Protein chains: 2
Amino acid sequence: MNEADIFKALADPTRRQMLERLSGGERNATELREGLAMSQPAVSQHIAVLRGAGLIEEEKSGRQMRYRIRADGMAPVVDWLTRYRGFWPERVERLKTLLREMDQ
Amino acid sequence: MNEADIFKALADPTRRQMLERLSGGERNATELREGLAMSQPAVSQHIAVLRGAGLIEEEKSGRQMRYRIRADGMAPVVDWLTRYRGFWPERVERLKTLLREMDQ
DNA sequence: AAAAAACATAAGAATCGACTTATCTATTCA
DNA sequence: TGAATAGATAAGTCGATTCTTATGTTTTTT
């Protein structure tokens, strides 16, 4: 729930890939595992880290778990980032472009 | 320079503290070490990680190095974040507001 | 010129993180 | 009911990180 746990969670490429996948909608653990060359427990452990960081939430559905991105999960990171806004001016052009995209 | 290196660099609390300190202005390595219960080489190694991630830059000044936050160092993180903008609407609004302020 | 100061690099120890296999629970299906 | 499926947890291995001490380089001070 704090930025420390979140940055640690995001430091791993597998977990970032899982988030990427979840950004396309809910997935269960088996679906999250697809294409990943690792065991089921490894996936389960990654999921635990993401949940511990508050980045995902889950819902039990029969014998499977449906995972989804937690809406406010990234908030501490955004807050943290804005502390460095004083250093962004040189990148404004690029950020403006992003902003325009976000507005669509 | 990519988000992988940046998230790894940010995963360490000592390095985040150093960035925090640098957000108050330029510091040399000795100043960055103040208050940290670790050896000089440990500090030097953390600095190397931050530089490797593109988060800080340096300037030699006599026998000391002046470090400062690199203006667009955090840009890949912002880019990465905006890919998930659909999942944390309210925080993105704040970010957008900030960017608009900078735009003026 | 010698000593001190600021920092980097090397090598090794200790700790942490990401995996593995084995096993457990809960649910569904035959 | 018994077998299969979905997932979590436990314990151990291994490589990556984060420290340490030792030492090297460059610049400043005396």
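Residue numbers begin at 1 in each chain, while the letters A, B, ... track the order of the sequences. As a basis for the values below, the full set of heavy atoms in this structure was taken, side chains included, without hydrogen atoms, waters or symmetry mates. Here the structure is a predicted model, which means the values were calculated and not measured.
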Say whether [X] and [Y] are linked into one hydrophobic cluster, either directly or through other cluster members, by side-chain heavy-atom distances under 4.5 angstrom.
X       : Y       : answer
B:Ile6  : A:Val78 : yes
A:Leu81 : A:Met74 : yes
B:Leu22 : B:Leu36 : yes

Residues in side-chain hydrogen bond (donor to acceptor under 3.5 Å, both in side chains) with B:Asn28, at least two apart?
B:Gln64

Please list, chain by chain and in numerical order, all residues satisfying side-chain hydrogen bond (donor to acceptor under 3.5 Å, both in side chains) with A:Glu58, sequence neighbours excluded.
A:Arg51

May I ask you to decide if B:Lys8's main-chain N or O and B:Arg15's side chain share a donor-acceptor pair within less than 3.5 Å?
yes

Is it the case that the side chain of B:Arg33 and the backbone of B:Ser44 share a donor-acceptor pair, with hydrogens and angles ignored and the cut-off at 3.5 Å?
no

Upstream residue (5' side of DNA chain C) when A:Ala11 and B:Tyr67 are each assigned their closest nucleotide:
B:Tyr67

When you match A:Val49 and B:Arg66 each to their closest nucleotide on DNA chain C, which lands nearer the 5' end?
B:Arg66

Kindly write out the residues that satisfy salt bridge (Lys or Arg N to Asp or Glu O under 4.0 Å) with B:Arg70, not counting sequence neighbours, or none if the list is empty.
B:Asp72

Near DNA chain C, which residues from residues 17-39 of chain A have a heavy atom under 4.0 Å away?
A:Met38, A:Ser39

Check: protein-nucleotides 14-17 of chain D nitrogen or oxygen pairs below 3.5 Å:
residue: D:dT17; atom: OP1; partner: B:Lys8; partner atom: NZ; Å: 3.0

Ring pair (Phe, Tyr, Trp, His ring centres under 6.0 Å) contacts touching residues 8-61 of chain B (sequence neighbours left out):
none

Sorted by number, residues from residues 40-47 of chain B placing a heavy atom under 4.0 Å from DNA chain D are B:Pro41, B:Ala42, B:Gln45, B:His46

Those residues that, when tested against [X], pass side chain to side chain contact (heavy atoms under 4.5 Å, CB included) (two or more places apart):
X       : answer
A:Glu3  : A:Phe7, A:Pro76, A:Trp80, A:Arg83, B:Arg16
B:Ser23 : A:Tyr84, A:Phe87, B:Ile69
A:Arg68 : A:Glu26, A:Glu57, A:Glu59
A:Ser39 : A:Pro41, A:Ala42

Euclidean distance, atom CD of residue A:Glu59 to atom P of D:dA6 [Å, nearest integer]
18 Å

Atom pairs, N/O to N/O, protein against nucleotides 27-30 of chain C, distance under 3.5 Å?
residue: C:dT27; atom: OP1; partner: A:Lys60; partner atom: NZ; Å: 3.4
residue: C:dT27; atom: O3'; partner: A:Arg63; partner atom: N; Å: 3.4

